[in-house]
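The next block holds one structure in the form of structure tokens; read it before the comments.
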Amino acid sequence: MKPSIPKGTRDFSPTQVAKRTYIMDTIKHHFSCFGFQAIETPSFEKSETLMGKYGEEGDRLIFKILNSGDYLKKATDAFLTSKDSQKLTTQISEKALRYDLTVPFARYVVQHQNDITFPFKRFQIQPVWRADRPQKGRFREFYQCDADVVGSTSLLQEVELVQLYDSVFSSLQLKGCVIKMNNRKILSGIAQVIGAQDKLIDFTVALDKLDKIGADGVKKEMLEKGIAQDAITKVQPLFNMQGTAKEQLESLKSLLASSQIGMQGIQELEFIVTNVSALALKTASLAIDVTLARGLNYYTGAIFEVSAPNDVSMGSIGGGGRYDDLTGIFGLKDVSGVGISFGLDRIYLVLEELGLFPETTAASTDVLFFNFGETQALAAMKAIKKLRSNGVSAELYPDIASNQKKERKQLTYAERKGIPYVVLIKDPQIQDNTYTIKNMHTGDKQLVSLENLIKIFN
RNA sequence: GUGGUUGUAGCUCAGUUGGUUAGAGCGCUGGUUUGUGGUACCAGAGGUCGCCGGUUCGAACCCGGUCUUCCACCCCA
């Protein structure tokens, strides 16, 4: 059997892990800096926790876990014979791999509400799974890095989260990211004004495709979904929203004047935009995008999406928004939450494409000790012990170099692993506590004491 | 879930209109040279041509299915 891994999953080599750790550490650092604390939740949840939270499409993409034991025993014969997969699934599967980190977090908040001090700011960096078909920047197992605040309706949280995005992208030297914002209330307002409340999802999904299929394509899709022609004519101004955030907000105000909820959305957006610009961003930019409709399923207020720099062909590298009712589903009402997510794997691809990983991420062993025999190896181990306790990463080549060929092998090992120095203890009569250290780069050798050896690395 | 694409030695790929023992480079192993590596040279090992089935006297090459890769749609990080 040829070894392989399932579709949409990946192995990570030492260098790749180093780079991923670099991104993760950066994100973690800023999460902590903003006052978020880490939690972790199980990789799989009860199906009922996840199902129905992400829309019909989402349910299809959730990996279901087969029950243990003789799981078909409990199945209804009728479902089996009629091959009704959907009904059968609920009978033979009671667990599922988490699809995102937000819903499990909502479950966590409700379950542990008595131990939580609100507002609760948590961050979570864990893999999630989606039974999607892989393509560029899309995997079936990938990491999300989420920061959420629950228990406060203050819009200052949104302002903070925009700052957080900016801080992380600044640290990563990733210039040109655009934090796009919209508000679910604005979308509701638009639907209200044009009398298409019942078609809200179809309407926003179509609108979301504006930059992809153009105004005509959007109109066509809206018509196909049964949205009236005169309604489409009314939203015409949306198709060519131009200008600054302020200008866009003004034109929205005239469009949504008759909608209370729409006006509220505009006010919220205005508050966030005003405060963010007063605080200023370092590298990212904030933009209003009324066509943004992401995560519609549980978002109720602000919606965020971060698009990668223009010169990179990558979709969104982050997203988020405010959800007022998510904990309500699990029995805790009136706890509003807002959060953002960083797509680790996509950020990785973007940094790779732009060559933005620092050289130092590939750090390896500082020094390799050659192994010329048992006595020498023991002497080496003693020196290594000292070095390690001084914070120097050192290792001994495990096999003895009994001939020239094998010596070469040890050198090659050091070279391939990028180890900058090797130490040679060749003399079996090791008495004088001196070591020959060789610089792999220059080939220079020098005789030093253990004290000086340690100094070289400090 | 829909449409297309890819799959040949460890890796990157050749392989002509289906025809006898399937090739290259890199890597690997052994050796020579370099007298503690990164050079050069010599030799060698390694492939059920993704898998299953079909067409054919004969298939890596044609057909079907399946898995995998990548891409687009759907949707999304």
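Chain identifiers are assigned alphabetically (A, B, ...) following the order of the sequence lines, protein sequences preceding nucleic acid strands; residue numbering begins at 1 within each chain.
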Ring geometry between A/Tyr54 and A/Tyr99 (parallel below 30°, tilted from 30 to 60°, perpendicular above 60°):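 Judged by the thresholds at 30° and 60°, the geometry between A/Tyr99 and A/Tyr54 is tilted.
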Plane angle bin for A/Tyr397 and A/Tyr413 - parallel if under 30°, tilted between 30 and 60°, otherwise perpendicular: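 A/Tyr413 and A/Tyr397: perpendicular rings.
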For the pair made of [atom1] in [X] and [atom2] in [N], what is the distance, rounded to whole Å?
| X | N | atom1 | atom2 | result |
| --- | --- | --- | --- | --- |
| A/Ile419 | B/U36 | CD1 | C1' | 16 Å |
| A/Lys7 | B/U68 | NZ | C1' | 8 Å |
| A/Arg408 | B/G31 | CZ | P | 9 Å |
| A/Tyr99 | B/C75 | OH | C1' | 7 Å |
| A/Asn439 | B/G38 | CG | C1' | 14 Å |
| A/Ile425 | B/U36 | CD1 | P | 18 Å |
| A/Tyr54 | B/C76 | OH | P | 12 Å |
| A/Asn371 | B/U36 | CG | C1' | 15 Å |

So, is A/Lys406 near the phosphate of B/U36, with a side-chain N or O under 4.0 Å from OP1 or OP2?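 Looking at the OP1 and OP2 atoms of B/U36, neither is under 4.0 Å from any side-chain N or O of A/Lys406.
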With a cut-off of less than 4.0 Å, is there a side-chain N or O of A/Arg133 near OP1 or OP2 of B/U5?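 It does not, given that no N or O in the side chain of A/Arg133 lies less than 4.0 Å from OP1 or OP2 of B/U5.
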A/Arg122 and side chain to side chain contact (heavy atoms under 4.5 Å, CB included): which partner among A/Val149, A/Asp146, A/Val150?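 Single side chain to side chain contact (heavy atoms under 4.5 Å, CB included) partner of A/Arg122 among A/Val149, A/Asp146, A/Val150: A/Asp146.
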As a test of understanding, state which of A/Gln37, A/Lys28, A/His30 forms a side chain to side chain contact (heavy atoms under 4.5 Å, CB included) with A/Phe123.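 Going through A/Gln37, A/Lys28, A/His30 one by one, the side chain to side chain contact (heavy atoms under 4.5 Å, CB included) with A/Phe123 is satisfied by A/Lys28 alone.
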Scan residues 134-150 of chain A against RNA chain B and write down, sorted by residue number, each residue with any heavy atom closer than 4.0 Å; if none is found, say none.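 Within this stretch, A/Gln135, A/Lys136, A/Gly137, A/Arg138, A/Phe139, A/Phe142, A/Gln144 sit under 4.0 Å of the strand.
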With [atom1] as the reference atom in both, quote the distance from [N] to [M] in angstrom, rounded to an integer.
| N | M | atom1 | answer |
| --- | --- | --- | --- |
| B/A9 | B/G65 | P | 25 Å |
| B/U17 | B/U33 | C1' | 49 Å |
| B/U55 | B/U8 | P | 27 Å |

Checking all strands, does [X] fall into the base, sugar-phosphate, or nothing category for heavy-atom contacts under 4.0 angstrom?
| X | result |
| --- | --- |
| A/Leu424 | base |
| A/Ser316 | sugar-phosphate |
| A/Gly8 | sugar-phosphate |
| A/Asp132 | base |

Is any side-chain N or O of A/Arg346 under 3.5 Å from a base N or O of B/C76, one able to act as donor and the other as acceptor?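 Donor-acceptor pair under 3.5 Å: yes.
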Any donor-acceptor pair under 3.5 Å joining the side chain of A/Lys445 to the base of B/U36?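 In this structure, the two groups form a donor-acceptor pair.
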Using the closest heavy atom to pick a nucleotide of RNA chain B for each, name whichever of A/Phe372 or A/Leu61 lands nearer the 5' end.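 The 5'-side residue here is A/Phe372.
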I want to confirm an ordering. Mapping A/Thr9 and A/Glu57 to their closest nucleotides on RNA chain B, which one lands closer to the 5' end?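 Its nucleotide being nearer the 5' end, the pick is A/Thr9.
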For A/Arg107, all residues meeting side chain to side chain donor-acceptor pair (under 3.5 Å), sequence neighbours excluded: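 Only A/Glu45, A/Gln111 meet the side chain to side chain donor-acceptor pair (under 3.5 Å) criterion with A/Arg107.
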Give a yes or no on whether the ring-centroid distance for A/Tyr165 and A/Phe342 is below 6.0 angstrom.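 Distance test on ring centres: under 6.0 Å, yes.
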Return the nucleotide paired to B/G46: Watson-Crick means purine N1 to pyrimidine N3 with N6-O4 or O6-N4, wobble means G-U with N1-O2 and O6-N3, both under 3.5 Å.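 Paired with no nucleotide.
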Do you know the tightest heavy-atom contact between A/Ser167 and A/Lys282?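 Reported closest heavy-atom pair: OG-NZ, 4.1 Å.
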Is it the case that the side chains of A/Tyr108 and A/Gln124 hold a donor-acceptor pair, with the cut-off being a distance below 3.5 Å and no angle test?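 No.
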